[in-house]
There are 2 protein chains.
Amino acid sequence: MPYSAEHKDKTRKKIVETARVLFNRHGFNGVSIDMVMQEAGLTRGGFYNHFKNKEQLFSEAVMSFLMGRGAEWREDAGVDVSNLQPEMAHQMINAYLSPEHLNDLDGQCPMIALPSDIARGGIEAQQSFQTLLEAMVSLFETNMSSDDSTNRQWAQAIAALCVGGMVLSRALPDSTLAKEVRVAAGQSAKRLLSEGQR
Amino acid sequence: MPYSAEHKDKTRKKIVETARVLFNRHGFNGVSIDMVMQEAGLTRGGFYNHFKNKEQLFSEAVMSFLMGRGAEWREDAGVDVSNLQPEMAHQMINAYLSPEHLNDLDGQCPMIALPSDIARGGIEAQQSFQTLLEAMVSLFETNMSSDDSTNRQWAQAIAALCVGGMVLSRALPDSTLAKEVRVAAGQSAKRLLSEGQR
DNA sequence: ATCAAAATATGATAAAGAACATTTTTAGAG
DNA sequence: CTCTAAAAATGTTCTTTATCATATTTTGAT
């Protein structure tokens with residue numbers, strides 16, 4: 001067996017990570033397979049040894065955020081998934097709506113960078129999207145008071161505020177207004193959080 | 001002067017309206033100029049008599065929502081801009097987050113259908129987007145108690161919730177979860193509204 | 001060292017699409 | 001009715017791209 005199994009796996013991971021960055025920046029149609037492979041230091045020929053088609057790559061790129069770049073994100077924000085504390089939800093909201101996140105075109109959350117692409121895309125990409133959202137909602141939910149069946153609702157609304165605030169911010173040409181929106185979304189998100197923590 | 005001025009204007013408006021629908025459905029890259037012109041009952045040749053390029057058409061299509069399809073929308077929701085009443089904000093929230101809106105791929109608000117396209121697009125499209133958002137925020141703001149400087153913040157957060165809830169809903173493959181998110185966003189939006197109306 | 005299977009590279013195809021140049025059609029002015 | 005400028009249609013170019021077929025390279029096992 002020439003080429004160790006790890007080699008193929010490493011190559012595949014590199015392609016996915018490269019694709020994640022490029023898709024984040026340019027969207028599904030703005031990225032060609034050539035572009036991805038070149039950026040990964042390969043040529044387009046090998047692509048179909050790793051993936052069925054471009055859609056599959058897209059879906060995996062979206063999903064890869066959760067355990068890859070997203071994990072770094074949570075770490076930077078001081079969010080420890082294995083040891084959740086009430087103030088972590090606050091930190092998560094602040095980090096998600098921060099100018100740093102807005103400026104991080106490569107590392108940003110795909111829910112912000114790619115919602116239209118995913119809405120129009122195949123079901124696989126949508127499944128990846130749903131997994132991301134569920135992770136985010138579950139993080140907020142876990143930070144609430146233990147026995148209230150409405151926690152999930154609050155958590156979902158907070159997620160909608162975070163994503164909505166950033167999606168709006170990204171599409172606005174006036175950076176002052178964009179900041180206003182992020183601040184407004186953040187304040188309201190924390191207000192909703194305190195409802196859930198009551 | 002052959003061809004009355006109205007004729008050209010009518011043709012131009014028809015192209016923009018056709019483009020609005022197609023862009024809403026397929027996104028910027030998913031729509032070709034041929035497609036738009038054919039759907040409008042014309043051929044691609046005439047396009048550049050009306051528009052500088054595809055970007056300009058896109059920007060105008062987004063903007064056209066406000067006074068065109070969006071006006072019908074507000075009317076259906078019982079929102080009269082010239083005579084605002086407190087309960088209109090409620091109706092607006094309900095209509096925006098309704099399943100009817102979610103299913104109206106042609107008529108939906110471009111902030112939901114095209115945020116990624118616009119974020120990556122030219123400044124003209126982003127200006128159009130900003131105008132749409134400002135109209136929405138201003139509608140919520142006007143429905144709040146008169147003299148509170150934080151009204152604008154509440155209104156922006158409500159808009160972020162509405163847009164965020166719908167953007168998420170659109171990208172989720174599980175329609176039950178999608179509905180949950182819309183309901184959660186709607187409830188929280190009304191909660192924030194009552195804060196502003198206090 | 002050599003072999004072969006797996007990975008990667010190269011070559012090719014067919015389609016789509018933005019932009020524009022040129023031709024044709026239209027309808028109002030004289 | 002004729003003329004003509006504007007609008008619309010047709011023809012064309014050049015580029016990009018997803019996909020796949022074929023060739024080449026790599027490397028662990030013999």
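- When rounded to the nearest whole Å, the span between NE2 of A/H26 and P of D/dT16 equals 15 Å.
- Annotation: ring pair (Phe, Tyr, Trp, His ring centres under 6.0 Å) contacts of A/H7 (sequence neighbours excluded): A/Y3.
- Across the protein-nucleic acid pair, B/N29 atom CG and D/dT17 atom C1' stand 12 Å apart, rounded to whole Å.
- Legend: side chain to side chain donor-acceptor pair (under 3.5 Å) pairs involving residues 158-186 of chain B, not counting sequence neighbours, sorted by first then second residue: A/R152-B/E180, A/Q156-B/E180, B/Q108-B/R170, B/S169-B/R182.
- Atom pair B/K13:NZ and D/dA7:P shows a separation of 14 Å (rounding to whole Å applied).
- For residues 53-75 of chain B, the set of pairs meeting the salt bridge (Lys or Arg N to Asp or Glu O under 4.0 Å) definition, not counting sequence neighbours, comprises B/R12-B/E60, B/R69-B/E72, B/R69-B/D104.
- One atom, CG of B/D9, and another, C1' of D/dA7, lie 14 Å apart when rounded to the nearest Å.
- Interface residues of residues 32-55 of chain B facing DNA chain C, ordered by number: B/S32, B/I33, B/R44, B/Y48, B/N53, B/K54; criterion, heavy-atom separation under 4.0 Å.
- By the ring pair (Phe, Tyr, Trp, His ring centres under 6.0 Å) test, A/H101 is found to be paired with A/W73, A/Y96, residues two or more places apart in sequence or in another chain being considered.
- For the pair B/I15 CD1 and D/dA7 C1', the computed distance is 11 Å after rounding to whole Å.
- In this structure, the NZ atom of B/K14 is 15 Å from the C1' atom of D/dA7, given to the nearest Å.
- Taking atom CZ of B/F28 as the reference point, atom C1' of C/dG17 lies 12 Å away to the nearest angstrom.
- The salt bridge (Lys or Arg N to Asp or Glu O under 4.0 Å) analysis of residues 114-141 of chain A, with sequence neighbours excluded, yields the pairs A/K52-A/E124, A/D117-B/R120, A/R120-B/D117.
- A donor-acceptor pair under 3.5 Å is absent between the side-chain atoms of B/N94 and the main chain of B/L97, judged by distance alone.
- Regarding contacts with the backbone of D/dA8, a side-chain N or O of B/T11 is found under 4.0 angstrom from either OP1 or OP2.
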